Number of protein chains: 2
Amino acid sequence: METKPNNVTKIPGSVIRRLPKYLVQAKRLRQEGIEWVSSDVLADTLALTPSTVRQDISHIDFHGISKRGYSTAGLETVLARTLGADQESVCVVIGAGNLGRALAIHEEFARQGFRICEVFDNNPAVIGKKVGRFMVQDMSELPNIVGRLKVMIGIVAVPHDAAQAVADRLVMAGVRGLLNMTTAHITVPERVALVDARIIASLRELAYAVKVNERPS
Amino acid sequence: METKPNNVTKIPGSVIRRLPKYLVQAKRLRQEGIEWVSSDVLADTLALTPSTVRQDISHIDFHGISKRGYSTAGLETVLARTLGADQESVCVVIGAGNLGRALAIHEEFARQGFRICEVFDNNPAVIGKKVGRFMVQDMSELPNIVGRLKVMIGIVAVPHDAAQAVADRLVMAGVRGLLNMTTAHITVPERVALVDARIIASLRELAYAVKVNERPS
DNA sequence: TAGATTGTTAATCGATTAACAATC
DNA sequence: TAGATTGTTAATCGATTAACAATC
């Protein structure tokens with residue numbers, strides 16, 4: 001008997017980056033009491049083609065039904081399981097500046113299953129200070145806490161120039177994935193995952209698009 | 001005489017999304033006193049191929065020199081001009097929750113040329129309250145302020161369910177581009193640019209990558 | 001049953017990479 | 001000059017879309 005490849009085979013990045021959008025829609029539709037959704041409707045609401053939707057869903061361990069479409073509840077469940085959204089991911093935030101503090105107290109992360117357990121900084125002036133329900137920890141505590149609380153993800157919210165050094169310490173401490181909130185380019189070993197949040201880059205992309213739209217010839 | 005196509009032709013999105021990384025590197029190298037950089041070195045530091053770097057730079061109105069490479073100062077200048085990073089972009093933040101407040105006071109945006117001029121909310125309990133140097137404005141003031149201050153970009157930092165309605169009001173007010181900080185899917189007219197910040201989606205991508213790395217067979 | 005909709009194969013499109021002539 | 005490095009063309013690779021047989 002062959003194993004289903006769906007959960008084992010690595011899903012391409014292009015697909016993985018769309019799955020959260022399907023998850024949001026499946027959840028919304030299910031909450032609205034809509035039980036079935038077709039690839040056509042999903043494609044319409046997300047500005048994709050039905051082909052893309054069906055191809056994407058074929059990567060996860062879930063099947064639609066001819067003539068009815070996809071069960072919204074089923075889709076939600078399987079997408080959540082595939083993405084790991086059915087389990088809490090323990091995170092730490094490094095950097096207790098404006099951005100770091102904001103991320104730490106932004107309730108949405110916890111609501112979405114990303115539990116921030118500590119906030120760190122290396123500035124003696126802020127170590128020990130309160131940030132929401134957190135007391136800012138000294139960076140030297142990082143390895144202890146990562147080990148003890150099984151921290152999976154480190155969120156890098158420090159000044160640009162400190163980003164790589166902080167990333168190195170997170171990797172050393174045993175974190176498995178990094179979210180880079182800075183504009184710096186960070187390098188990590190292959191066993192560690194890295195995603196750039198690209199907020200400034202997204203704003204630049206917008207500024208460029210606005211400029212190009214201005215003279216549409 | 002033919003016009004240079006570089007500033008006129010629209011640069012593909014895949015390329016535009018890499019240009020901010022080149023800009024960061026060019027600036028860093030220039031500040032370190034390094035005057036020239038080759039496509040090989042840039043590729044190495046950014047985990048790209050030299051071919052990709054040369055192809056990307058060929059989209060902007062700038063040329064390297066055989067045997068020396070690219071002038072870091074020249075590259076910085078032209079990239080900044082191409083992306084619009086040499087000019088201030090006026091932004092508003094909608095939503096004075098934790099995330100909105102944080103974005104409003106995060107100095108990095110201003111430092112990168114994204115000047116936030118006002119923060120809005122529709123909750124009477126927060127309207128008129130101070131957020132850093134801002135006083136939270138009533139949403140009804142949006143059209144006035146967008147018109148008067150020539151606001152280019154609206155940053156949508158409201159709860160998920162309010163995202164589309166807020167986007168509609170920003171578009172109506174005359175904003176030219178939207179940065180969507182929520183997980184909602186937003187639809188805008190073609191003349192308006194939209195970029196998803198995808199912070200939660202990035203964390204999901206990370207959680208998935210961590211899970212897949214765990215059993216690497 | 002007839003028709004709607006999936007799942008999948010094949011075709012197209014676009015992005016990345018390789019190769020190399022031009023050139024400083 | 002000789003050799004390093006660009007700019008560009010051609011080849012490859014991967015992602016998206018189209019088409020359609022299977023099926024509920």
Side-chain angles (χ1 to χ4, degrees), chain A residues 2 4-7 9-22 25-26 29 34-75 78-79 82 201 205 208, chain B residues 2 4-7 9-22 25-26 29 34-75 78-79 82 201 205 208:
Chain A
E2 304 201 7
K4 278 257 160 156
N6 299 314
N7 281 329
T9 312
K10 204 177 144 201
I11 301 171
S14 55
V15 176
I16 282 292
R17 282 186 283 276
R18 278 189 297 267
L19 297 189
K21 284 240 167 187
Y22 300 133
Q25 290 308 313
L29 292 165
I34 296 167
E35 287 178 41
W36 298 92
V37 65
S38 67
S39 56
D40 242 75
V41 168
L42 273 176
D44 262 15
T45 48
L46 295 177
L48 303 168
T49 65
S51 277
T52 300
V53 173
R54 293 203 294 276
Q55 285 272 29
D56 287 350
I57 293 176
S58 78
H59 285 278
I60 67 172
D61 187 12
F62 180 71
H63 290 268
I65 294 175
S66 296
K67 210 177 168 177
R68 277 196 277 183
Y70 303 97
S71 147
T72 54
L75 191 56
V78 179
L79 278 173
T82 306
E205 203 180 327
Y208 175 78
Chain B
E2 302 202 7
K4 277 256 161 157
N6 299 313
N7 281 330
T9 312
K10 204 177 144 199
I11 301 171
S14 55
V15 177
I16 282 293
R17 281 187 285 275
R18 278 189 297 268
L19 297 189
K21 284 240 166 186
Y22 300 134
Q25 291 308 314
L29 292 166
I34 296 167
E35 287 179 42
W36 297 91
V37 64
S38 67
S39 55
D40 241 76
V41 167
L42 272 176
D44 262 15
T45 48
L46 295 176
L48 302 167
T49 65
S51 278
T52 299
V53 172
R54 293 203 294 275
Q55 285 272 29
D56 287 351
I57 293 175
S58 78
H59 286 279
I60 67 171
D61 187 13
F62 180 70
H63 290 266
I65 294 174
S66 296
K67 212 179 167 177
R68 279 197 276 181
Y70 303 96
S71 147
T72 54
L75 191 56
V78 179
L79 278 172
T82 305
E205 204 180 327
Y208 176 78

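Each chain gets a letter, A, B and so on, in the order the sequences are listed, and its residues count up from 1. These numbers were taken from a predicted model, which means no experiment stands behind them.
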Whole-Å distance between dG3(D) C1' and Arg68(B) CZ?
15 Å
Out of dT6(D), dT16(D), dA2(D), whichever nucleotide has its closest atom nearest the side chain of Lys67(B)
dA2(D)
Quick check: closest heavy atoms across Thr52(B) and Tyr22(B), and the distance to 0.1 Å?
O-OH, 4.0 Å
Whole Å only: how far is the CG atom of Leu75(A) from the P atom of dG7(C)?
11 Å
About how many Å separate CD of Gln25(A) and CD1 of Ile34(A), when rounded to the nearest 0.5 Å?
10.0 Å
Look at the side-chain N and O atoms of His63(B) and state whether any lies under 4.0 Å from the OP1 or OP2 oxygen of dG7(D).
yes
Base partner of dT16(D), which must satisfy Watson-Crick or wobble distances under 3.5 Å
dA11(C)
Ile65(A) atom CD1 is separated from dA4(C) atom C1', nearest whole Å, by 13 Å
Identify the nucleotide, in any strand shown, that forms a Watson-Crick or G-U wobble pair with dT5(C), with both distances under 3.5 Å; if there is none, say none.
dA22(D)
Can a side chain N or O of Arg54(B) be found less than 4.0 Å away from OP1 or OP2 on dT17(C)?
no
Between Tyr70(A) and Arg54(A), which heavy-atom pair has the shortest distance, and what is it?
OH-CG, 3.6 Å
Round to the nearest Å and state the distance from His59(B) atom NE2 to dT8(D) atom C1'.
11 Å
Can you see which heavy atom on Ile11(B) is nearest to which on His59(B), and at what distance?
CD1-O, 3.9 Å
Which is true for Arg17(A) with a 4.0 Å heavy-atom rule: it touches a base, it touches only sugar-phosphate, or it touches nothing?
nothing
So, for Thr45(B) and Leu42(B), which heavy atoms are closest and what is the spacing to 0.1 Å?
OG1-O, 3.0 Å
Flag the pair Ser71(A) / Trp36(A) as yes when at least one side-chain heavy-atom distance between them is below 4.5 Å, and no otherwise.
yes
Of Gly64(A) and Leu48(B), the one whose closest nucleotide on DNA chain C sits nearer the 5' end is Gly64(A)
From CG of Asp56(B) over to P of dG7(D), roughly how many Å is that when rounded to an integer?
12 Å
Expressed in angstrom and rounded to an integer, what is the separation of Tyr70(B) atom OH from dT23(C) atom C1'?
13 Å
Donor-acceptor pair under 3.5 Å, Ser66(B) side chain vs dT23(C) base
yes
N or O in side chain of Ser58(A) less than 4.0 angstrom from dT8(C) OP1/OP2:
no
Considering only heavy atoms and no angle criterion, is a donor-acceptor pair shorter than 3.5 Å present between the side chain of Gln55(A) and the base of dT8(C)?
no
Please report, rounded to the nearest Å, how far the C1' atom of dG7(D) is from the CG atom of Asp61(B).
14 Å
Any side-chain N or O of Ser51(A) less than 4.0 Å from the OP1 or OP2 oxygen of dA18(D)?
no
For Ile11(A) and dG14(D), what is the distance between atoms CD1 and P respectively, to the nearest whole Å?
17 Å
Taking the nucleotide of DNA chain D with the closest heavy atom to each, which residue, Gly13(A) or Ser39(B), is nearer the 5' end?
Ser39(B)
Closer than 4.0 Å, any side-chain N/O of Thr52(B) to the OP1 or OP2 of dT16(C)?
no
